Amino acid sequence: MSLMLYNTIKREKEAFVPIRPGHIGMYVCGVTVYDYCHVGHARVMIVFDVIYRWLMHSGFDVDYVRNFTDVDDKIIKRAAERGIAIDALTNEMIDAFHADADALGCLRPTHEPRATAHMDAMISMIQALMEKDMAYVSESGDVLYAVRGFSDYGQLSGKKIDELESGSRVDVDQSKRDPLDFVLWKMAKADEPAWASPWGQGRPGWHIECSAMSCGHLGDTFDIHGGGMDLKFPHHENEIAQARAANGGGFARYWLHNGFVNINAEKMSKSLGNFFTIREVTERYHPEVLRMFMLGTHYRSPLDFSDAALDVAKSGLDRLYKTAKRCQESGVTGAGGQALLPHHFTTAMDDDFNTPEALAVLFDTSRALNKGLNEAQDVTALAGQFTAMSALLGIVQQDTAIWFQSGDVDAAAIEALIEERLQARKNRDFARADAIRNELSAQGIVLEDSASGTTWKKN
RNA sequence: GGCAGGGUGGCUCAGUGGUACGGCGGAGGACUGCAAAUCCUUUAUUCGCGAGUUCGAUUCUCGCCCCUGCCUCCA
């Protein structure tokens with residue numbers, strides 16, 4: 001079976017066929033760097049990281065581009081509030097972004113372009129639109145895109161221009177020819193950052209940067225464009241309008257959109273204030289737990305965020321780590337030779353990246369491994385599958401001992417008590433042995449006796 | 001109002017025209033000095049409601065109810 005993708009623009013799953021055999025150009029909308037990332041951003045990072053890994057595993061040479069929007073109203077405002085330079089703010093937030101993404105186990109994209117480094121490309125794209133009469137300068141001096149001139153407008157989001165209730169929620173700018181027209185180039189006020197352009201000092205609109213940077217890195221027509229569901233309209237719709245009108249290319253062929261992270265069935269968002277930053281969560285849970293949590297639901301479905309849900313993800317991950325630990329202790333590496341993935345795992349991932357089903361296969365393999373280990377069978381092949389699947393999903397990547405024993409505990413003291421308990425047990429002083437177990441238990445340390453000795457873990 | 005996506009066991013999450021995957025939790029058993037872990041068994045006559053198509057529908061069609069999102073910045 002070949003790779004099937006749900007293409008938003010077609011509203012159905014279809015077989016993936018790359019433009020150039022063996023190669024994939026993929027652009028994913030990144031973030032506006034004015035604040036720390038929240039769990040919703042984490043979902044985009046993780047979802048597309050798994051997609052990136054799977055595409056590479058499938059034999060493609062993937063050019064993965066993810067941008068940073070580093071010029072924007074919110075950035076200007078935040079920098080002013082904090083009394084720091086814009087560069088200082090954006091650099092700080094880009095560093096924080098990388099720290100978060102790295103912690104979540106996400107591979108770096110092949111390119112991470114910054115909007116401010118691509119002004120020429122944006123300006124020439126706007127120029128092309130002006131020449132084709134697809135853009136105009138409004139009374140305020142801003143350059144606007146003329147939506148009515150693009151017949152395919154609304155194709156991605158399934159919206160019809162005349163059915164959109166423009167102005168129902170926001171006052172319509174009277175200088176626009178059509179309420180849906182959007183800014184390509186914004187005139188700068190006195191103390192705002194500005195770049196020279198044929199239309200005066202100003203800065204680019206939000207949408208144009210993605211059109212310019214994606215086409216700039218991947219060409220006028222490329223394979224995959226992704227992002228959060230909320231970017232479908234108007235952002236992605238506008239990107240299509242700009243890029244196709246400016247350069248005549250087809251722009252992205254496959255559109256992938258991930259679902260939201262919700263809290264109490266409501267979208268997590270800055271405006272509602274119901275968000276948690278990635279760093280807030282990873283202070284309480286290992287980043288891999290967050291990753292496990294994300295993988296448990298299909299990427300297009302909504303995902304309800306809660307501590308209870310993270311606890312469940314952690315329990316499941318612990319189970320996998322136990323298997324990994326047992327393999328290690330038994331000297332089964334699973335490495336060596338080409339590890340074959342279970343067929344079911346491959347079909348699940350090929351079917352629009354069905355990670356919940358892929359996880360089910362991983363758990364099945366985990367059980368088979370445990371059983372094989374119990375019965376002293378040769379589990380090398382199973383261990384190889386287990387390792388390969390884990391690596392593709394980016395989980396069970398930590399040292400197993402550290403996974404179970406991390407935290408502020410005095411390992412030496414625990415080991416000493418374990419030794420004392422061992423002696424007590426040898427002397428059949430079970431009262432003392434149990435007292436030690438209880439004492440450690442009170443500290444959240446669980447002892448596990450086995451044929452090969454006693455191990456401990458943090459509960 | 002328009003458009004999009006949902007409603008599956010205690011919770012969660014897949015899936016299929018022939019009575020439903022996995023995880024968490026629960027129950028029983030093996031094992032253990034006791035535990036823990038692990039393994040085994042078990043935990044939805046049923047997939048929002050009603051009708052239709054069909055030999056047969058949770059899966060297809062129609063209608064209805066409910067939920068969420070987008071239509072403004074938003075991953």
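Since we're looking at a predicted model, the values are computed, not measured.
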Check: Rounding to the closest angstrom, what is the interatomic distance between B/rU68 and B/rU16 at atom P?
Finding: 27 Å

Next item on the list: Have a look at A/K322 and say if it touches a base, only the backbone sugar-phosphate, or nothing, with a 4.0 Å heavy-atom cut-off.
Entry: sugar-phosphate

Margin query: Rounding to an integer number of angstrom, what distance separates B/rG63 and B/rG23 when you compare their P atoms?
Written below: 39 Å

Note to self: Classify A/N354 by what it touches in the nucleic acid, base, sugar-phosphate, or nothing, heavy-atom distance under 4.0 Å.
What the structure shows: sugar-phosphate

Notebook entry, point to check: What nucleic acid atoms does A/R326 come within less than 4.0 Å of, heavy atoms only: base, sugar-phosphate, or nothing?
Noted result: sugar-phosphate

Notebook entry, point to check: In whole angstrom, what separates A/N238's CG from B/rC71's P?
Noted result: 12 Å

Notebook entry, point to check: Which whole-number value in Å describes the distance from A/M229 CE to B/rC70 P?
Noted result: 11 Å

Checklist line | Closest-nucleotide ordering on RNA chain B, the 5'-leading residue of A/G316 and A/Y34 | finding: A/G316

Note to self: When you compare the side chains of A/R244 and A/Q155, does any donor N or O come within less than 3.5 Å of an acceptor on the partner?
What the structure shows: yes

Check: Centre of A/F48's six-membered ring, under 6.0 Å away, within 45 degrees of the axis: is that where NZ or CZ of A/R66 sits?
Finding: no

Notebook entry, point to check: From the list B/rG15, B/rA36, B/rA75, which nucleotide is the closest neighbour of the side chain of A/E357?
Noted result: B/rG15

Notebook entry, point to check: With a non-hydrogen cut-off below 4.0 angstrom, is A/N370 in contact with a base, only sugar-phosphate, or nothing?
Noted result: sugar-phosphate

Notebook entry, point to check: So what does A/R421 hit on the nucleic acid, given a heavy-atom distance under 4.0 Å: a base, only sugar-phosphate, or nothing?
Noted result: base

Next item on the list: Looking at every strand, decide which applies to A/Y321 at a 4.0 Å heavy-atom threshold: base, sugar-phosphate, or nothing.
Entry: nothing

Notebook entry, point to check: When the distance from CZ of A/R319 to C1' of B/rU12 is rounded to whole Å, what number comes out?
Noted result: 16 Å

Check: Tell me: NE2 of A/H344 to C1' of B/rU16, nearest whole Å?
Finding: 12 Å

Next item on the list: Assign A/S301 to base, sugar-phosphate, or nothing according to its heavy-atom contacts below 4.0 angstrom with the strands shown.
Entry: sugar-phosphate

Next item on the list: Go through the N and O atoms of the side chain of A/R437 and the base of B/rC34, and report whether any donor-acceptor pair is under 3.5 Å.
Entry: yes

Notebook entry, point to check: Taking atom P in both B/rG50 and B/rU42, what distance in whole Å separates the two?
Noted result: 31 Å

Margin query: What's A/G259 touching, base or sugar-phosphate or nothing? Going by heavy atoms closer than 4.0 Å.
Written below: base

Next item on the list: Answer with base, sugar-phosphate or nothing: what part of the nucleic acid does A/M268 contact at a heavy-atom distance below 4.0 Å?
Entry: base

Next item on the list: Report the distance from atom CD of A/E375 to atom P of B/rC31, rounded to the nearest whole Å.
Entry: 15 Å

Check: A/K13 and salt bridge (charged side-chain N to carboxylate O under 4.0 Å, His left out): which partner among A/D351, A/D350, A/D352?
Finding: A/D351

Next item on the list: Evaluate whether the aromatic ring of A/F363 and the six-membered ring of the B/rG22 base sit under 5.5 Å apart, centre to centre, with an inclination under 30°.
Entry: no

Next item on the list: May I ask you to say what A/G40 touches in the nucleic acid, namely base, sugar-phosphate or nothing, with a heavy-atom cut-off under 4.0 Å?
Entry: base

Check: Which whole-number value in Å describes the distance from A/L303 CG to B/rU68 C1'?
Finding: 14 Å

Next item on the list: Could you say whether A/R11 or A/R367 is positioned toward the 5' end of RNA chain B, judged by the nucleotide with the nearest heavy atom to each?
Entry: A/R11

Next item on the list: Please state the C1' separation for the pair B/rA51 and B/rA14 - nearest whole angstrom.
Entry: 28 Å

